[in-house]
S.K.: 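Pasting a structure below so you can have a look.
Residue numbers begin at 1 in each chain, while the letters A, B, ... track the order of the sequences.
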There are 2 protein chains.
Amino acid sequence: MSTAQETTGGEVEPWEEVTPDAARRLLVAAVEAFAERGYHATTTRDIAGRAGMSPAALYIHYKTKEELLHRISRIGHDKALDILRTAARREGTAAERLADAVGSFVRWHAGRRTTARVVQYELDALGPEARAEIVALRRQVDAEVRGIIEDGVASGEFDVLDVQGTTLAVLSLCIDVARWFNVDGPRTPEEVGALYADLVLRMVGAG
Amino acid sequence: MSTAQETTGGEVEPWEEVTPDAARRLLVAAVEAFAERGYHATTTRDIAGRAGMSPAALYIHYKTKEELLHRISRIGHDKALDILRTAARREGTAAERLADAVGSFVRWHAGRRTTARVVQYELDALGPEARAEIVALRRQVDAEVRGIIEDGVASGEFDVLDVQGTTLAVLSLCIDVARWFNVDGPRTPEEVGALYADLVLRMVGAG
DNA sequence: GGCTCGGCTAAGCGCCCGCTCACCAACGGC
DNA sequence: GCCGTTGGTGAGCGGGCGCTTAGCCGAGCC
């Protein structure tokens with residue numbers, strides 16, 4: 001039988017790990033609201049209203065508004081890291097793995113743009129401890145991409161002068177997709193993923 | 001005599017067009033506060049306090065808090081567009097002009113990171129009319145970069161399949177510098193500008 | 001049937017927000 | 001010397017914020 005994770009298009013619908021149902025509905029509402037207006041411009045009343053509940057219901061499932069952001073950010077970073085790890089550890093040349101990593105990472109940022117926007121741009125709204133936890137995850141994200149580029153340099157596939165700087169640029173390029181991508185625009189997430197994979201291969205001298 | 005525009009390092013100190021002095025101090029304070037905490041998380045009391053004035057003083061020079069953001073965004077976009085136009089219209093090959101454009105655009109985003117952060121990331125906090133005005137400026141920014149790339153393709157210097165997509169990616173890469181650049185980090189604005197100019201030339205097949 | 005208890009709501013507390021108002025000091029023109 | 005203008009202040013208004021509390025309701029257990 002189906003695990004109920006599959007939706008149209010083969011994409012996995014996330015947040016199924018969040019239970020009970022009311023907590024998930026609140027979290028999904030918070031993602032939408034934070035993505036549209038930003039964390040600080042979003043009120044707890046708005047979140048509860050989108051979830052079809054009273055303002056007080058939010059505090060049954062979450063201690064504070066910040067805890068909501070923390071949970072969203074944590075789950076989102078875990079997912080992003082998982083995507084990169086899967087691509088980085090598959091078999092193939094460094095160029096194939098880098099193209100796969102960039103393509104899938106970009107597809108996630110474009111296809112799940114609301115989530116990605118919150119995850120990537122609301123870090124500063126977290127308190128010191130929560131932010132430190134997320135920053136540690138980001139370092140792992142950086143390490144995965146840097147690892148592929150180092151492999152390509154070592155094997156002679158890539159021609160890169162500044163590995164850390166190029167890693168930074170590649171990640172920056174992918175992450176910023178969450179800022180400008182428009183669901184109603186002319187490009188699909190798949191098209192942007194393919195374009196970006198090509199551009200990144202050129203950046204590392206493998207194009 | 002000096003125009004009082006020059007400061008150490010040859011950089012032009014901006015905001016000198018904002019008068020009187022108190023209005024400029026408030027605007028500079030607002031740039032710092034918006035960059036640190038975001039528009040919505042910044043209070044008018046904080047802005048006035050940073051400028052050494054009472055909360056009420058702000059409203060002598062600006063009608064609303066949003067007018068402050070609008071003025072900052074307008075001046076910043078004018079400056080960014082000016083930088084790109086200067087590079088795009090100099091003499092030289094398309095590769096030289098693109099490298100110059102990316103280098104100077106990135107140096108501005110890194111060196112004036114607080115301003116750039118507000119300019120590039122607080123657009124959604126503006127009302128519809130103000131946002132429309134800024135969006136029009138952004139289209140001109142896009143057109144300048146696209147023009148250089150089209151020139152390079154026409155002359156055979158560049159090898160680009162998707163001109164508009166590549167333009168988008170180049171601008172996205174430059175703009176996102178304002179998000180991650182750290183003044184206390186290991187790289188100077190000049191170094192990042194040179195690295196990015198090289199990466200972009202590779203992206204267009206001229207590296 | 002009666003009791004317990006988790007999930008939820010209506011009401012509202014205390015605070016701080018953007019912004020306003022009544023007033024004041026410094027200063028140039030006549 | 002007096003007055004209008006300019007640029008400032010201290011106090012505070014109305015409102016919306018994050019969050020809390022008291023109590024309601026229906027499902028599960030004996």
S.K.: Going by the rule salt bridge (Lys or Arg N to Asp or Glu O under 4.0 Å), which residues pair with A:Asp46 if we only count those two or more places apart in sequence or in a different chain?
M.R.: A:Arg37, A:Arg50
S.K.: Do you know the tightest heavy-atom contact between A:Leu201 and A:Ala99?
M.R.: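 Closest pair (atom of A:Leu201, atom of A:Ala99, distance): CD1-CB, 4.2 Å.
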S.K.: Applying side-chain contact (heavy atoms from CB on, under 4.5 Å), name anything that partners A:Ala178, two or more places apart in sequence or on another chain.
M.R.: A:His109, A:Ala116, A:Tyr121
S.K.: When you compare the protein's N or O atoms with those of nucleotides 10-16 of chain D, which come within less than 3.5 Å of each other, and at what distance?
M.R.:
{"unit_1": "D:dG12", "atom_1": "O6", "unit_2": "B:Arg45", "atom_2": "NH2", "d": "3.4"}

S.K.: I'd like to check the ring pair (Phe, Tyr, Trp, His ring centres under 6.0 Å) partners of B:Tyr39; sequence neighbours left out, ordered by chain and number.
M.R.: B:Phe34
S.K.: For B:Thr114, give me all partners under side-chain contact (heavy atoms from CB on, under 4.5 Å), at least two apart in sequence or on another chain.
M.R.: B:Val31, B:Ala35
S.K.: Using the heavy-atom set of chain A and a strict 4.0 Å cut-off, write down the first and last nucleotide of DNA chain C that makes it in, 5' to 3'.
M.R.: C:dC8 to C:dG12
S.K.: Output all residues satisfying side-chain contact (heavy atoms from CB on, under 4.5 Å) with A:Val145, sequence neighbours left out; order by chain, then residue number.
M.R.: A:Leu84, A:Ile149, A:Thr167, A:Val170, A:Leu171
S.K.: Does anything in residues 58-69 of chain A come within less than 4.0 Å of DNA chain D? Heavy atoms only, and list the residues if so.
M.R.: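 Close to the strand are A:Tyr59, A:Thr64, A:Lys65.
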S.K.: What side chain to side chain donor-acceptor pair (under 3.5 Å) pairs are there with at least one residue in residues 142-152 of chain B, not counting sequence neighbours?
M.R.: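 Matches after skipping sequence neighbours: B:Arg85-B:Glu144, B:Arg89-B:Glu144, B:Arg97-B:Asp151, B:Asp142-B:Arg146, B:Asp142-B:Gln164, B:Arg146-B:Gln164.
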S.K.: List in chain and number order the residues that pass side-chain contact (heavy atoms from CB on, under 4.5 Å) with B:Glu67, two or more places apart in sequence or in another chain; answer none if no residue qualifies.
M.R.: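 Once residues adjacent in sequence are excluded, the partners of B:Glu67 under the side-chain contact (heavy atoms from CB on, under 4.5 Å) criterion are B:Tyr62, B:Lys63, B:Thr64, B:Arg71.
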S.K.: Show every salt bridge (charged side-chain N to carboxylate O under 4.0 Å, His left out) that has at least one partner inside residues 117-131 of chain A, sequence neighbours left out.
M.R.: A:Arg117-B:Asp124, A:Asp124-B:Arg117
S.K.: Measure CG/A:Leu26 against C1'/D:dC19 and give the value in whole Å, please.
M.R.: 15 Å
S.K.: Return the set of residues passing salt bridge (Lys or Arg N to Asp or Glu O under 4.0 Å) with B:Glu133 (not counting sequence neighbours), or none when no residue passes.
M.R.: B:Arg74
